[in-house]
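As a basis for the values below, the full set of heavy atoms in this structure was taken, side chains included, without hydrogen atoms, waters or symmetry mates.
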There are 2 protein chains.
Amino acid sequence: MTLESTTPTNARAAAIEARPLYQQTRDLLLKRIIDGVWKPGGYLPSEQQLCGELGVSIGTIRKATEDLVIHGLLERQHGRGTRVVPHSSAKSRFRFLRFVHGDGRPLDPVAHLLTQTVRAASAEERRQLDLDANGKVLALTRIRSEKDQPLVYERLALPAQTFAALGLETGEDIVEEVYVFYQERCGVTIMRTVDEVGLAMADALMAQHLGIAIGAPVLEVRRVAYALDGRRVEYRESFTAHLKYKTALE
Amino acid sequence: MTLESTTPTNARAAAIEARPLYQQTRDLLLKRIIDGVWKPGGYLPSEQQLCGELGVSIGTIRKATEDLVIHGLLERQHGRGTRVVPHSSAKSRFRFLRFVHGDGRPLDPVAHLLTQTVRAASAEERRQLDLDANGKVLALTRIRSEKDQPLVYERLALPAQTFAALGLETGEDIVEEVYVFYQERCGVTIMRTVDEVGLAMADALMAQHLGIAIGAPVLEVRRVAYALDGRRVEYRESFTAHLKYKTALE
DNA sequence: GAGTGGTCTAGACCACCTG
DNA sequence: AGGTGGTCTAGACCACTCT
């Protein structure tokens with residue numbers, strides 16, 4: 001039975017649809033997560049219930065949810081149920097953190113918000129965030145540190161419209177990832193990020209906050225973050241003098 | 001039916017085994033790939049045939065092979081069959097290449113082998129490759145370039161024992177990834193790499209080959225590559241002055 | 001004990017490729 | 001036309017968690 005139209009009633013009919021049934025099912029579950037039908041941390045109905053409600057077999061339900069589990073959106077708990085992964089969970093906290101110490105030790109930083117303004121987007125920000133010429137961004141700068149030692153200077157640009165409700169306090173220390181706030185205060189769930197790591201030279205602000213000389217070489221990470229629905233919702237430039245960027249492939 | 005012992009004959013009996021049947025099946029297929037029963041580029045028996053031979057249902061076969069497809073070892077071709085991915089295929093060629101041009105354009109480099117020696121492993125190489133105090137490595141240095149423009153200077157260290165049969169020609173230009181040679185000449189298939197990106201300063205050799213000043217800042221990528229069986233089989237240090245390192249998360 | 005996800009089976013039909 | 005992988009079904013039983 002297809003999940004988009006109304007008539008077909010069996011597998012043969014479903015095959016007439018262009019997209020496989022399990023993909024339709026996956027997208028329907030995804031839509032409910034996006035729409036907040038099931039909140040982060042909340043449990044879905046059991047697989048059996050979903051079978052009945054959606055009119056598909058349990059194998060199809062499992063294949064659909066597996067996709068979302070792989071993408072870090074759902075979490076299966078044997079014997080308990082399947083729930084929407086909250087961004088605040090430890091699993092989620094380190095999901096997108098790629099910085100490590102120079103010797104390879106993992107990092108567990110605190111963020112300190114420096115500035116926060118709403119302004120017209122720069123050309124680069126418009127390009128990265130796919131905004132039009134009148135696009136506005138919520139621009140944040142912050143320092144991420146560990147044990148009062150400043151390690152990363154960051155500039156973030158968020159589409160102002162999407163993040164009108166963010167409301168962070170300048171000067172506040174933030175333990176969680178900002179992705180937690182995006183999710184809790186603005187309903188934006190980050191699904192995927194694309195990073196480019198390169199070289200840069202410290203400008204006056206970086207130098208001041210990182211305690212290095214102006215013009216000193218720094219590692220620059222440019223990140224674009226994508227929401228569940230594929231929209232680009234964050235452009236971030238991170239600068240660090242001593243940390244490394246670590247990642248595993250396949 | 002279990003794949004390791006001999007007696008059980010149905011699903012109930014298989015459940016007595018500690019590990020799920022599909023994992024045992026996956027590992028058995030993996031072992032055959034490692035042992036060269038099916039060569040890179042060669043086709044496996046059809047799913048139906050595997051069912052019969054291994055005494056498991058088609059669903060179990062599919063779950064097992066799916067695992068290997070995700071890890072980039074097998075490739076399904078609708079209507080043709082399932083084959084072992086050759087490292088020389090385009091898909092495989094760019095699988096572990098993370099460098100891009102400064103403006104984000106993809107890279108398609110040629111490698112030029114500079115030096116090749118067998119020597120005692122350094123402390124760092126022993127640590128990264130898990131070698132003992134007497135460990136020897138095959139050490140290679142090379143330049144990767146595009147249109148005669150040198151872009152990356154690389155030092156590679158390979159456990160000498162494993163790569164006795166490698167036999168590359170110093171001064172030769174190599175279009176393929178060296179991973180192709182590892183696989184074709186030494187039977188070593190790379191499954192996974194872990195990269196750490198940091199800052200460094202150009203030494204005399206890098207400066208000479210990259211056409212930059214001694215002491216100029218460069219991007220340094222340290223990579224450890226893992227073979228199918230989990231052994232660490234390559235430690236690589238790459239240095240570049242102008243390229244970026246690009247990667248997508250989840 | 002009741003309910004959940006995890007594994008496994010034994011089929012069916014479809015979509016695709018090759019001869 | 002025949003064989004391959006891709007999708008889907010309708011069950012069964014197991015392992016785990018909670019009450």
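Between Leu29(A) atom CG and dG5(C) atom P there is a gap of 12 Å when expressed in whole angstrom units. In this structure, the CZ atom of Arg62(A) is 18 Å from the P atom of dG11(D), given to the nearest Å. One atom, CD of Gln48(A), and another, C1' of dA10(D), lie 10 Å apart when rounded to the nearest Å. Here dT4(C) presents its P atom at 13 Å from OH of Tyr43(A), a figure rounded to the nearest Å. If you measure from atom CG of Leu44(B) to atom P of dG3(D), you get 19 Å, rounded to the nearest angstrom. Note: CD (Gln49(A)) to C1' (dA2(C)) measures 13 Å, nearest angstrom. In this structure, Glu47(B) atom CD and dG11(C) atom C1' are separated by 15 Å, rounded to whole Å. The separation between Leu21(A) atom CG and dA10(D) atom P is 11 Å, rounded to whole Å.
Side-chain nitrogen and oxygen atoms of Lys63(A) include at least one within less than 4.0 Å of the OP1 or OP2 phosphate oxygen of dT7(D). The shortest distance between the side-chain N/O atoms of Thr82(B) and the OP1/OP2 oxygens of dG5(D) is below 4.0 Å.
Residues Arg142(A) and Glu172(A) are not paired through a salt bridge, judged by the lack of any N-O separation under 4.0 Å between the basic side chain and the carboxylate. For the pair Glu196(B) and Arg222(B), the salt-bridge criterion is not met [side-chain N within less than 4.0 Å of a carboxylate O]. Note on Glu75(B) versus Arg80(B): no salt bridge recorded, every NZ/NE/NH1/NH2 to OD/OE distance being 4.0 Å or above.
In the helix from dG1(C)-dC18(D) to dT18(C)-dA1(D), the rotation axis of the first five pairs and that of the last five pairs differ in direction by 10°, rounded to 10 degrees.
Between the side chains of Tyr22(A) and Glu66(A), not a single donor N or O lies within less than 3.5 Å of an accepting N or O.
The side chain of Ile58(B) approaches dG11(C) more closely than any other nucleotide in the set dT7(D), dT9(D), dG11(C). For Pro20(A), whose side chain is taken as the heavy atoms from C-beta onward, the closest listed nucleotide among dC8(D), dT9(D), dC8(C) is dC8(D). The Ser46(A) side chain lies nearest to dG5(C) when the options are dG11(D), dC8(C), dG5(C). Of the listed nucleotides (dT7(D), dT9(D), dG6(D)), dT9(D) has the atom at the smallest distance from the side chain of Thr60(A).
Between Tyr245(A) and Tyr245(B), the two ring planes are perpendicular [angle over 60°; tilted spans 30° to 60°]. Ring-plane geometry between Tyr179(B) and Phe96(B) is classed as perpendicular, the angle between the planes exceeding 60 degrees on a 0 to 90 degree scale with a lower cut at 30.
By the 4.5 Å heavy-atom criterion applied to side chains, Phe163(B) and Glu234(B) are not counted as neighbours. Side-chain atoms of Arg223(A) and Glu154(A), non-hydrogen and from C-beta on, never get closer than 4.5 Å to each other.
Judged as a side chain to side chain donor-acceptor pair (under 3.5 Å), and not counting sequence neighbours, Ser88(B) has no contacts.
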Contacts under 3.5 Å, N or O only, protein and nucleotides 16-19 of chain D:
residue	atom	partner	partner atom	Å
dC18(D)	OP1	Arg80(A)	NE	3.4

